[in-house]
Amino acid sequence: MTDRYAVIGNPIEQSKSPFIHTAFAQVTGQDIDYTKVLGPLGGFAQAVDAFRAAGGKGMNVTAPFKLDAFDYATDLAPGAQMAGAVNAMKFEGERVYAENFDGVGLVRDVVHNLRCPLRGRRVLVLGAGGATRGALLPLLAEQPAQLVIVNRTLAKAEELALLARQQRGSIPVSGLGYTGLTGQPFDVVFNATSASLSAESLPLPASVFAPGAVAYDLTYGKGLTPFLKLAQQAGVTRLHDGVGMLAEQAAEAFAWWRGVRPDTSDVIRQLTVPLL
Ligand code: NDP
């Protein structure tokens, strides 16, 4: 019997998850059906209940429901607990197992696909929202030399830096505002703000990019975002968006549900929007 999965969000039309998971199912020979569910605002639990009652095996969760899914879950994995948000659920009887694969997907894309080791590197993360929070543990596990979190709202950067230090006291982590960036260069700079979604620029000095730096915008499908353009103007040649992160978090969920990890290279190639 075909097993049913879906992604739930609002809006949901834009989601690439059905395309990705259907492609994964084809290459791995898994018999699954993967659809989109438009979750009513304020009606997340009822929509998931209905999907489970109809035999659904698992769901991906996207905005604005990642916190609702956190509350809905019965069993939170450490990654979801640390992120304070859930992006994948697995249903087994009364149990709702919950994970957050965004951070693992990001690190896997950077280290494995882009061949950019983070160990011993100076890492800067811009933004202190859900994506940064979810990326903390996977980033720290790579043992960077240093992690700096910069955010428009300073208190949030400080809060995440404290959380990170509590997890891994051996790695220097600090939380700053943009004005705190005083000429120190970084080897890897992640833009985990949502500024690129509205083509907004960040007040970032060119000096944050060390020679040979990598600039990675978690936003995908937007071409050369203002952040990537700024990095390019600063002389950075290794420019990437978050399409690989998207594919890798999906592959993690697929492996968790189906016990087989698909290769992501075809999906990444098909979804890549050139950085012009
Ligand atoms: P959140 O809404 O949780 O956080 C948004 C962050 O962006 C906050 O830190 C906010 O700062 C900051 N921000 C927003 N606008 C500006 C601005 N104009 N200038 C400076 N800072 C700004 O979003 P998420 O963490 O969930 O997502 C962040 C990005 O990551 C999004 O673009 C999303 O598309 C992308 N993403 C990509 C994924 C992938 O698979 N590739 C997966 C998940 C996310 P403040 O706190 O001051 O408001």
Side-chain angles (χ1 to χ4, degrees), residues 17 20 24 60 62 66 76-88 98-151 157 160-161 163-168 170-175 186-194 196 210 212-220 227-228 231 236 238-256 261-265 267-268 271-272:
S17 293
I20 295 173
F24 287 168
N60 283 120
T62 189
K66 290 182 180 185
L76 290 162
Q81 217 135 29
M82 176 75 177
V86 160
N87 90 329
E99 276 280 7
N100 190 317
F101 294 120
D102 283 339
V104 177
L106 171 66
V107 168
R108 168 116 185 156
D109 187 40
V110 173
V111 174
H112 182 80
N113 297 343
L114 305 176
R115 299 187 200 293
C116 168
L118 296 172
R119 193 187 175 91
R121 301 291 192 89
R122 297 161 295 180
V123 175
L124 173 62
V125 179
L126 308 170
T132 299
R133 199 182 180 97
L136 282 184
L137 276 187
L139 283 175
L140 293 171
E142 296 300 310
Q143 301 188 329
Q146 182 194 11
L147 177 63
V148 175
I149 301 164
V150 165
N151 197 43
L160 289 197
L163 197 62
R165 286 196 298 273
Q166 285 164 349
Q167 295 295 319
R168 282 240 177 190
S170 56
I171 299 169
V173 185
S174 48
F186 294 88
D187 305 303
V188 184
V189 182
F190 292 106
N191 179 16
T193 74
S194 49
S196 299
V214 169
Y216 189 111
D217 200 325
L218 273 63
T219 301
Y220 54 86
F227 163 75
L228 291 175
V236 177
R238 299 178 71 185
L239 306 167
H240 302 283
D241 76 0
V243 67
M245 173 183 179
L246 176 73
E248 293 299 338
Q249 65 75 28
E252 292 293 324
F254 192 92
W256 185 52
R261 199 183 197 289
D263 181 75
T264 53
S265 47
V267 157
I268 292 175
L271 291 179
T272 293

Phe24 and Phe254 aromatic ring geometry - parallel, tilted or perpendicular at 30°/60° bounds: perpendicular
Side chains of Asn100 and Met82 in contact at under 4.5 Å (non-hydrogen atoms): no
Exam field: side chain Thr132 to backbone Gly127, donor-acceptor pair closer than 3.5 Å: yes
Thr62 vs Asn60 side-chain heavy atoms within contact, under 4.5 Å: no
Pairwise side-chain contact, Leu136 with Val125, heavy-atom cut-off 4.5 Å (strictly under): no
pair Asn191-Thr219: side-chain heavy atoms closer than 4.5 Å: no
Phe227 side chain reached by Thr193 side chain, heavy atoms, under 4.5 Å: no
Straight-line distance of Glu248 CD to Asn113 CG, nearest 0.5 Å: 4.5 Å
Exercise: identify the closest heavy-atom pair between Ala164 and Val173: CB-CG1, 3.9 Å
Arg238 side, atom CZ; Leu114 side, atom CG - distance, nearest 0.5 Å: 7.5 Å
Reported CG-to-CD1 distance for the pair Leu147 and Ile171, which is rounded to 0.5 angstrom: 8.0 Å
Straight-line distance of Leu137 CG to Gln81 CD, nearest 0.5 Å: 10.5 Å
Asp187 and its side chain to side chain donor-acceptor pair (under 3.5 Å) partner, picked from Gln146, Arg122, Arg121: Arg122
Closest non-hydrogen atom pair between Ala88 and Ala253, with its separation: CB-CB, 4.2 Å
Nearest heavy atoms of Leu139 and Pro144, plus distance in Å: O-CD, 3.3 Å
Least distance between heavy atoms, Ala251 atom then Pro262 atom: O-CD, 4.0 Å
Euclidean distance, Asp241 CG relative to Tyr216 OH, rounded to 0.5 Å: 7.0 Å
Chi angles and distances behind the side chain to side chain donor-acceptor pair (under 3.5 Å) call for Asp217, Ser196: CA-CA 8 Å; Asp217 200 325; Ser196 299; 2.7 Å; yes
Leu106: which of Val104, Val110, Asp102 passes side-chain contact (heavy atoms from CB on, under 4.5 Å): Val110
Test applied, side chain to side chain donor-acceptor pair (under 3.5 Å); reference residue, Asn87; option that passes from Glu252, Glu99, Gln249: Gln249
Check: Arg119/Gln143 side-chain N/O donor and acceptor closer than 3.5 Å: yes
Min side-chain heavy-atom separation Leu271-Tyr220 under 4.5 Å: no
Shortest non-hydrogen contact between Gly134 and Ala83, atoms and distance: CA-CB, 3.6 Å
Nearest-0.5 Å distance, CZ of residue Arg133 to NZ of residue Lys66: 13.5 Å
Shortest non-hydrogen separation from Ala215 to Leu228 and the atoms involved: O-CD2, 3.7 Å
